[in-house]
Amino acid sequence: MDADFSELHGKTAIVTGASSGIGLATARLLAKNGVRVGLVSRSKETLEELSGKLPGSRPIPADMTKIPQIKKMVAAAMKQFGRIDILINNAGQGYDAPVEKTGIGTFRYIYDLNVIGPLVAMQQVIPCMRAQGGGSIINISSGTALMNLPGMSAYSSSKRALAGISLAARLELQADKIVVSVVYPYITRTNFEKNTIHVVPEPEDNREPAGRYPPDSAEFVAEKIVGGIVSGEPEIFSHDWMKAPGSGA
């Protein structure tokens with residue numbers, strides 16, 4: 001049985017990376033509970049099709065590695081909805097490479113998408129939320145941020161950086177009633193692994209999520225994210241066992 005998030009009815013949200021995976025599942029869950037959602041990704045056509053299926057949603061195409069586009073995206077959301085109650089920074093991409101072979105250009109791209117983009121989005125929505133008396137910011141990290149994994153230093157470090165920014169901002173914004181939380185998903189059944197950049201080319205058939213426990217569905221993670229909006233917890237783990245040191249994935 002789905003959790004009851006009806007208290008969110010009438011609020012407005014921005015969801016980045018909304019065209020697939022966790023972002024899509026989260027946008028659907030929010031819309032189901034009466035939240036007006038700004039759908040953000042690079043694919044205008046996909047967002048327009050999705051918006052037609054989600055009541056109250058609006059497509060707002062933006063590349064989260066481009067600062068001017070992020071600023072325009074937030075401004076467009078404000079124009080469409082008149083306020084922003086919730087920001088969910090979900091857009092991101094994986095990069096698998098040993099430290100010795102990590103490409104500096106690709107490393108910068110991953111940080112632009114996984115860290116700088118969410119930071120700029122936060123900077124743009126904070127004044128809006130402060131003026132309206134509060135809001136919620138949810139940043140999607142990763143279970144890999146809780147671990148030291150060979151071949152994943154670039155990606156996991158970007159997600160650690162996002163978590164650090166989130167928890168510092170939480171303290172900074174308490175007086176403004178802006179609640180900042182960070183979510184640590186476990187391995188999830190999405191296209192994430194297939195879209196991960198691999199230094200050593202890997203056949204798509206081998207790019208299936210694998211771990212000690214069965215992967216989660218995107219819908220399961222979406223419930224954790226939306227539940228985090230309601231609870232306001234600082235850190236939301238997909239599973240309690242992830243809280244143990246070194247147990248993130």
Side-chain angles (χ1 to χ4, degrees), residues 3-9 11-18 21-30 33 35 37-38 40 64 70 74 77 83-92 113-130 132-147 156 158-186 188 216 218-244 247-249:
D4 179 14
F5 301 124
S6 58
E7 68 182 82
L8 298 177
H9 190 279
K11 292 187 179 294
T12 65
I14 292 172
V15 179
T16 72
I22 292 172
L24 174 57
T26 302
R28 283 174 171 161
L29 184 57
L30 289 170
N33 286 278
V35 179
V37 185
V40 180
M64 292 300 292
I70 297 170
V74 174
R83 61 185 292 122
I84 298 170
D85 298 299
I86 302 160
L87 168 66
I88 299 177
N89 275 314
N90 167 73
L113 179 59
N114 293 359
V115 185
I116 304 301
L119 174 59
V120 173
M122 289 173 68
Q123 291 174 336
Q124 296 303 301
V125 303
I126 286 169
C128 304
M129 290 181 174
R130 181 182 290 120
Q132 68 197 23
S136 298
I137 297 173
I138 304 282
N139 292 328
I140 312 305
S141 180
S142 166
T144 63
L146 309 172
M147 305 177 71
S156 65
S158 73
K159 290 302 187 176
R160 290 187 193 192
L162 183 59
I165 290 169
S166 304
L167 297 174
R170 181 183 179 88
L171 299 177
E172 295 169 359
L173 298 170
Q174 280 181 335
D176 297 305
K177 297 182 180 180
I178 300 173
V179 180
V180 184
S181 304
V182 58
V183 178
Y184 302 98
Y186 177 58
T188 310
D216 295 321
E219 290 73 22
F220 174 84
V221 180
E223 286 212 0
K224 292 290 183 178
I225 293 168
V226 179
I229 299 170
V230 174
S231 70
E233 294 176 88
E235 296 182 283
I236 298 107
F237 300 83
S238 286
H239 303 280
D240 286 342
W241 54 260
M242 294 174 67
K243 299 175 185 179
S247 299

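Side chains are part of it too, since the values below use all heavy atoms of this structure and drop only hydrogens, waters and symmetry mates.
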Does any part of the side chain of Ile229, heavy atoms only, come nearer than 4.5 Å to the side chain of Leu30, both counted from C-beta? yes

Minimum heavy-atom separation for Ala91 and Gly17, please, with both atom names. CB-N, 3.7 Å

Hey, could you give me the CG/CD1 distance between Asp85 and Ile137, rounded to the nearest 0.5 Å? 12.0 Å

With no hydrogens and no angle check, is any side-chain donor or acceptor of Asn89 less than 3.5 Å from a backbone partner on Pro118? yes

Hey, are the side chains of Ile88 and Ile225 touching, using non-hydrogen atoms and a 4.5 Å cut-off? yes

Measure the spacing between OG1 of Thr188 and CD1 of Ile22 and express it to the nearest 0.5 Å. 4.0 Å

Testing the basics here: between Ala169 and Met122, what is the closest heavy-atom pair and its distance to 0.1 Å? CB-CE, 3.7 Å

Side-chain donor or acceptor of Glu7 paired with backbone N/O of His9 under 3.5 Å: no

Just jot down the salt bridge (charged side-chain N to carboxylate O under 4.0 Å, His left out) partners of Asp216, sequence neighbours excluded, or say none. none

Rounded to the nearest 0.5 angstrom, the OG-CG distance for Ser141 and Leu167 is 9.0 Å

For the side chain of Lys159 and the backbone of Ile140, is there at least one donor-acceptor N/O pair under 3.5 Å apart? yes

Is the closest side-chain heavy-atom distance between Ile236 and Val182 below 4.5 Å? no

Of all heavy-atom pairs between Leu173 and Arg130, which one has the smallest distance, and what is that distance? CD2-NH2, 3.9 Å

Atom CG in Asn90, atom CG in Leu24: separation rounded to 0.5 Å? 10.0 Å

A side-chain contact here means heavy atoms from C-beta on lying under 4.5 Å apart; do Val115 and Ile165 qualify? yes

Nearest heavy-atom contact between Ala77 and Ile84 is CB-CD1, 4.2 Å

Looking only at atom types and distance, does a side-chain atom of Arg160 sit under 3.5 Å from a main-chain N or O of Met147, one as donor and one as acceptor? yes

Gln124 CD to Met129 CE distance, which is reported to the nearest 0.5 Å: 12.0 Å

Taking the side chain as everything from C-beta on, heavy atoms only, tell me whether Gln123 gets closer than 4.5 Å to Ile70. no

Would you call the rings of Phe220 and His239 parallel, tilted or perpendicular if under 30° counts as parallel and over 60° as perpendicular? parallel

Those residues at least two apart in sequence (or on a different chain) that pass side chain to side chain contact (heavy atoms under 4.5 Å, CB included) with Ser156 are Thr144

Which heavy atom of Asn114 sits nearest to which heavy atom of Ser158, and what is that distance? ND2-OG, 3.1 Å

Within-4.5 Å side-chain heavy-atom neighbours: Val226 and Glu223: no

Using the rule given for side-chain contact (heavy atoms from CB on, under 4.5 Å), can you reason through Val183 versus Asn139, listing the C-alpha separation, both sets of side-chain angles and the distance that settles it, and then say yes or no? CA-CA 6 Å; Val183 178; Asn139 292 328; over 6 Å; no

Closest heavy-atom pair and its distance - Pro185, Ser238: CA-OG, 3.2 Å

Taking the side chain as every heavy atom from C-beta outward, state whether Val40 and Met64 have any pair of such atoms under 4.5 Å apart. yes

Calculate, to the nearest 0.5 Å, the distance between atoms CG and CD1 belonging to Asp176 and Ile126 respectively. 8.5 Å

Ring-plane angle category for Phe237 and Tyr184, please: parallel below 30°, perpendicular beyond 60°, tilted otherwise. parallel

Indicate yes or no: at least one non-hydrogen side-chain atom of Ser181 is less than 4.5 angstrom from one of Glu235. no

